[in-house]
Amino acid sequence: MERYNFKTIEEKWQKFWDLNKTFKTQRNINKKKFYCLEMFPYPSGKIHMGHVRNYTIGDVLSRFKTLKGFNVLHPMGWDSFGMPAENAAKQNNQDPRTWTENNIKTMKNQLKQLGLSIDWDREISTCSEDYYKHQQKFFIEMFNKGLVYKKENYVNWDPVDETVLANEQVIDGKGWRSGAVVERKKLSQWFFNISKFADELQNELDNLDGWPNKVKTMQQNWIGKSFGCEIEFEVIGDSKIDKIKCFTTRPDTLFGFSFLALSIDHPVSKLYENDQNFLEFKEKCSKTGTTEESIANAEKIGFKTKLKAKNPFDEKQTVPVYFANFVLMDYGFGAVFGCPAHDQRDFDFAKKYNLNIKTVVKPINEKDSFKVTDEAYSGQGTIINSKFLSGLKAPGESVIETIKILEEKKIGRKKINFRLKDWGVSRQRYWGCPIPIVYDEKGSYKAIPEKYLPVKLPENINLNIKGNPLSSVDKWCKIEIDGKSYFKETDTLDTFVDSSWYFLRFCSPKNEIEPFNLDDVKYWMPVDQYIGGVEHAILHLLYSRFFMRAIGYQNDNFNLKEPFKGLFTQGMVCHETYKDKDNKWRNPDEVETADGKNYFLKSDDSHKILVGPSESMSKSKKNTIDPEKMINHYGADSVRLFILSDSPPEKDVQWSDQGMLASYKFVQKLYLLNEKMLKLIEKEKKEDSLKLSKFINQYLNKIEKNLANFNYNVIIANIHEAYSFFYKLSNDEINFTNLKNDYSKFLITIMPVMPHLASECLERLNMDSKSWPNLNKKYLIEENVTIVVQFNGKKRGTIEAIKNVSEQNLIKDIQNSKLFDKFLKENKIKKYFYVKDRLINILI
RNA sequence: GCCCUCGUGGUGAAAUUGGUAGACACAAAGGACUUAAAAUCCUUGCCCUUUUGGGAGUGCCAGUUCGAGUCUGGCCGAGGGCACCA
């Protein structure tokens, strides 16, 4: 029998799909839509296994939904602005656009080889002018609505590369490229006012039923809503300062007040701008590392001012005012009221500077004489030593009561604070969307009028210079608007902006005039299922949610708030890591093993290789498997099958050569089965189909449930079971009246996973492959059941019975059966518990 | 430090949501076919027993229940997120 030649057959079907535009989608009001979207890739060169997994999962869903009769939108595009293009360009002296477009060509080809059901007519690329010109309009719209502003902000500044670094580009306080110690520098930057929507972004998370809880809690923590109040403290000691505002969540501990701590950037620092000691202190603060842990673990230090703050509940009490390194300027008001007994940071600070520690909350089971000694107590309890607040339950009741009193006395009021900060979108880079703003010679800025848009990126520029590349192109920077000359903004937009609305663009990708057509968006949006890595749980997903609200702000035509109805975060693809004698990483291709334990270098079989733990595939650790090689060697269907087989899609999966090979063999076996089935179906002699109908319907029931719940590893198991069933038939040459029909139902169910093979088999059977088979529930009902028999909770056997057997009859059958003699002979049935048609537990 | 998730054979994992633990696969061992190998197929899978059987068993310790991988409390371990957020 002929082997399955995946090369010619996969090519055949891919060509067929291309020529027939099988996956082309159009708006159709009469059909129910389904928008399936995977996070679009950055065109870095070649696709990796992570892409294979991501897009296979999405493709299984798309194809399943199409078969189920939905009008499915399944597009693909390129997140094609970004640093790697610029870096590659510098290294190879190549234009970022050429580099990017070449990569896109390669990767598109690779994706096509995977047999994905994508409507390629909707392909978009964020670095094309067609795309970013619309983004510039969004920017101006937001600018006009006051959702964009410019402010001075601290950034990570790399003094060697003369550029701003993102937090993740700072490694141990050094720039990831230059290795230079990163400085904190104040720069004027563009911001999106995302914090304006903080409250609704947080609250409306609750409506996202289709999102994993994990992602929702991550966003919740990120937004960080906290309830408390602001308090104005009266300050004495300098005539220029009479009040300092603080935010606190624990106003109820005000009687434990022992100092006031200010950020070094607090306006009060103006008083000390010429004080040498203060400047030294400030210098010391900026030196305590830039990594997050080092900041968190740094010793708490302070600088005592001449100021004193009054306790609003006790005018006689005054406390010292310090500058302290642990107070952040951009949260609250950059000032903290210190209550050492009930806040660990304040406690550490008070110990260091010998400040008063007064206990004002006691745990519920403690006496009133309870005193904080070794560490702060921040748990629940009762207020003590606090005059009119004493006896209240803390923190709940006591906080609300205290705020009420502060509001009456007009020294404070209720306030909700958020951790979320505005989104800085300025990047000092070339390869991004230009910001459509101009400056006059005085430095005041305005949006570029529509008729001068879009602002196009200049081509052929020299990137091998320090600093912002665009500002070095004098000709480009100058622009004349209505006869007046201006300078263009030379920063470009963060690439997260590009990906904050691309899913809208897919709805009308060819629209020249508008970013999208409203009717298209109304039909297709929201994305029904969004699929991608959990690493985007916060930023990308939050920014996209913000962007929808920003478009809809002061715009009654657009009321889409949540872009992604369903979200699925897939796990990573992992592989063992290999190191050679010189402690260098080695690719799996370079090593071999005879026994699965000892590994050696292929090129030198005496060179032992150290095997490390399995980790997510990465270029830096060289533990990658090239998808293209696998596709060429085993075929797309086999690779798709393997990537789904071993683990649930939300968990990490281990790459395994044996597993890959097994999947390949299974594809071969399915094809051979099909050939045998073809012959079997031709046979004259036929048997009654009841057994077959039962099997196929039970199978359909299982696989459909598992498909709907993303249990894709289990559907592979279901397919294996069905294979075994049909294999046995073909081996025993048992033909059924309905065999052709029911068998082709099985073939349709494997279509989402192995589309080429399924299409080919169905074609050879001369059967239609357009719709998912209907389930006939009648065959799910079994008239005979196997009931588990337990004595005292232990399984002792099973018994056959007809469905819906009465308890009395079942007991009678058990008593009559010799199997259970030894349990029933000398014992009486005391009691029993019966789970209908499934199990009986008899107590003796 | 705070928050979240997860602990099931040699391995990846299933388990109708409280009812037969280990489906399906990988690896291993044994067998069939073969001159042989590859491929393919079958069997086994922890402990006691030659078998029939029986026992233990889902990280550990308790609890609820006729019955717990599943529910509750405590502990141990792994992974992830946030991190001086007042």
Side-chain angles (χ1 to χ4, degrees), chain A residues 212-222 224-226 228 246-251 253 261 263 288 291-300 324-328 330-339 342-346 348-349 375 378 417-421 534-535 537-538 574 596 614 642 645-648 650-654 656-663 665-666 668-669 672 701-702 705-706 711 713-724 727 731 786-798 822 830-836 838-843:
Chain A
N213 286 327
K214 181 173 66 168
V215 175
K216 286 196 273 188
T217 36
M218 277 164 77
Q219 289 212 357
Q220 225 149 54
N221 294 339
W222 186 263
K225 183 177 182 171
S226 56
C246 287
F247 171 76
T248 177
T249 55
R250 294 300 302 272
T253 60
S263 158
T288 47
T291 63
E292 279 151 355
E293 300 103 297
S294 67
I295 291 169
N297 300 329
E299 197 194 358
K300 291 175 179 46
N325 63 341
F326 64 91
V327 183
L328 305 169
D330 50 7
Y331 185 81
F333 300 98
V336 174
F337 113 77
C339 173
H342 306 290
D343 182 292
Q344 193 56 43
R345 288 159 307 184
D346 297 350
D348 296 342
F349 191 78
E375 59 177 0
S378 53
N417 231 336
F418 294 92
R419 208 191 73 104
L420 182 69
K421 291 175 189 109
V534 72
E535 66 274 19
I538 299 172
C574 301
S614 187
F642 170 70
S645 294
D646 269 7
S647 299
E650 69 275 12
K651 281 180 53 174
D652 287 355
V653 63
Q654 307 294 317
S656 136
D657 292 335
Q658 276 116 343
M660 182 60 248
L661 185 65
S663 294
K665 283 180 185 167
F666 187 60
Q668 291 289 340
K669 288 200 283 189
L672 292 179
N701 188 38
K702 272 194 278 191
K705 263 187 203 155
N706 288 325
N711 297 327
N713 55 327
V714 187
I715 70 171
I716 307 301
N718 297 147
I719 291 171
H720 272 111
E721 280 168 338
Y723 166 83
S724 301
Y727 178 82
N731 229 23
T786 305
I787 293 171
V788 173
V789 182
Q790 296 185 336
F791 288 95
N792 293 339
K794 280 194 174 136
K795 182 192 166 190
R796 299 297 174 180
T798 58
K822 60 182 168 189
K830 283 186 198 149
K831 207 177 176 183
Y832 63 84
F833 295 85
Y834 179 49
V835 185
K836 199 172 159 234
R838 198 173 296 166
L839 174 143
I840 184 161
N841 186 11
I842 300 168
L843 304 188

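This is a predicted model, so every value here is computed, not measured. Residue numbers start from 1 in every chain, and the chains themselves are labelled A, B, ... in the order their sequence lines are given, proteins ahead of strands.
- Comparing A37(B) with U50(B), their P atoms are spaced 34 Å from each other, to the whole Å.
- Here CG of Asn213(A) is found 9.5 Å from CD of Gln220(A). Values are rounded to the nearest 0.5 Å.
- Spacing of C1' atoms, A83(B) relative to C75(B), comes out at 26 Å, to the nearest Å.
- Of the candidate nucleotides U20(B), C82(B), A13(B), A13(B) has the atom lying nearest to any side-chain atom of Pro648(A).
- Using a 4.0 Å heavy-atom criterion, one finds that Gln344(A) contacts no nucleic acid atom at all.
- Between the side chain of Lys651(A) and the base of C6(B) there is no donor-acceptor pair of N/O atoms closer than 3.5 Å.
- Between the P atom of C4(B) and the CE atom of Met218(A) lies a distance of 14 Å, rounded to the nearest Å.
- Within the nucleic acid shown, Leu843(A) comes within 4.0 Å of sugar-phosphate atoms alone, with no base atom in reach, counting heavy atoms only.
- In this structure, CD1 of Ile840(A) is placed 16 Å from P of G67(B), rounded to the nearest angstrom.
- Rounded to whole Å, the distance from CZ on Arg250(A) to P on C84(B) is 21 Å.
- In this structure, Glu650(A) places its CD atom 19 Å from P of G79(B), rounding to the nearest Å.
- The C1' atoms of A62(B) and A68(B) are separated by 14 Å, rounded to the nearest whole Å.
- Across the C1' atoms, A27(B) and A13(B) are found 14 Å apart, a figure rounded to whole Å.
- Using a 4.0 Å heavy-atom distance criterion, Ser645(A) is classed as making no nucleic acid contact.
- At whole-Å resolution of the value, CZ in Phe791(A) and P in G53(B) are 15 Å apart.
- Across the C1' atoms, G63(B) and G18(B) are found 16 Å apart, a figure rounded to whole Å.
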List, with names and distances, any nitrogen or oxygen atoms from the protein found under 3.5 Å away from nitrogen or oxygen atoms belonging to nucleotides 24-29 of chain B.
from, atom 1, to, atom 2, distance (Å)
C24(B), O2', His720(A), ND1, 3.3

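- Closest to the side chain of Val788(A), from the set U20(B), A13(B), A86(B), is U20(B).
- Residue Arg796(A) places at least one side-chain N or O closer than 4.0 Å to OP1 or OP2 of G55(B).
- In this model, the phosphate group of C4(B) is not approached by any side-chain N or O of Asn221(A) to a distance below 4.0 Å at OP1 or OP2.
- Comparing the P positions of U51(B) and G45(B) gives a spacing of 11 Å, expressed to the nearest Å.
- By the 4.5 Å heavy-atom criterion applied to side chains, Asp346(A) and Phe326(A) are counted as neighbours.
- Taking the centre of each ring, Tyr331(A) and Phe418(A) stay at or above the 6.0 Å mark.
- The side chain of Lys214(A) sits closest to C4(B) out of C84(B), C4(B), A86(B).
- The 5' end of RNA chain B is approached more closely, in terms of each residue's nearest nucleotide, by Lys831(A) than by the other of Lys831(A) and Phe247(A).
- Among all heavy-atom pairs drawn from Ile716(A) and Ser645(A), the shortest one is CG2-OG, 3.6 Å.
- Between the base of C66(B) and the side chain of Asn841(A) there is a donor-acceptor pair shorter than 3.5 Å.
- You'll find that the side chain of Lys795(A) is closest to U20(B), out of U20(B), C84(B), C82(B).
- In the model, Asn706(A) has a side-chain atom that pairs as donor or acceptor with a side-chain atom of Asn718(A) under 3.5 Å.
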Could I get a table of every N or O pair under 3.5 Å where one atom is in the protein and the other is in nucleotides 39-42 of chain B?
from, atom 1, to, atom 2, distance (Å)
C41(B), OP1, Lys669(A), NZ, 3.2

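- Remark on RNA chain B: of its neighbouring residues Thr798(A) and Val714(A), the 5'-side contact belongs to Val714(A), judged by nearest-heavy-atom nucleotide.
- Rounded to whole Å, the distance from NZ on Lys300(A) to C1' on G1(B) is 10 Å.
- Nearest heavy atom pair, residue Cys246(A) against residue Phe333(A), reads C-CD1, 3.6 Å.
- Only the C1' atoms considered, A39(B) is 14 Å distant from A32(B), to the nearest whole Å.
- Between the NZ atom of Lys216(A) and the C1' atom of G81(B) there is a distance of 17 Å, rounded to whole Å.
- U5(B) and A38(B) are spaced 49 Å apart, taking the P atom of each and rounding to whole Å.
- Residue contacts for Lys830(A): at a heavy-atom cut-off of 4.0 Å it reaches no nucleic acid atom on any strand shown.
- Across the protein-nucleic acid pair, Tyr331(A) atom OH and A83(B) atom C1' stand 13 Å apart, rounded to whole Å.
- No contact: Val534(A) has no heavy atom under 4.0 Å from any strand.
- For Asn713(A), counting side-chain heavy atoms from C-beta on, the closest listed nucleotide (A86(B), G81(B), A13(B)) is A13(B).
- In summary, of the residues considered (Val788(A), Asn841(A), Val789(A)), a side-chain contact (heavy atoms from CB on, under 4.5 Å) with Lys795(A) occurs for Val788(A) alone.
- Residue Ser226(A) places at least one side-chain N or O under 4.0 Å from the OP1 or OP2 atom of A86(B).
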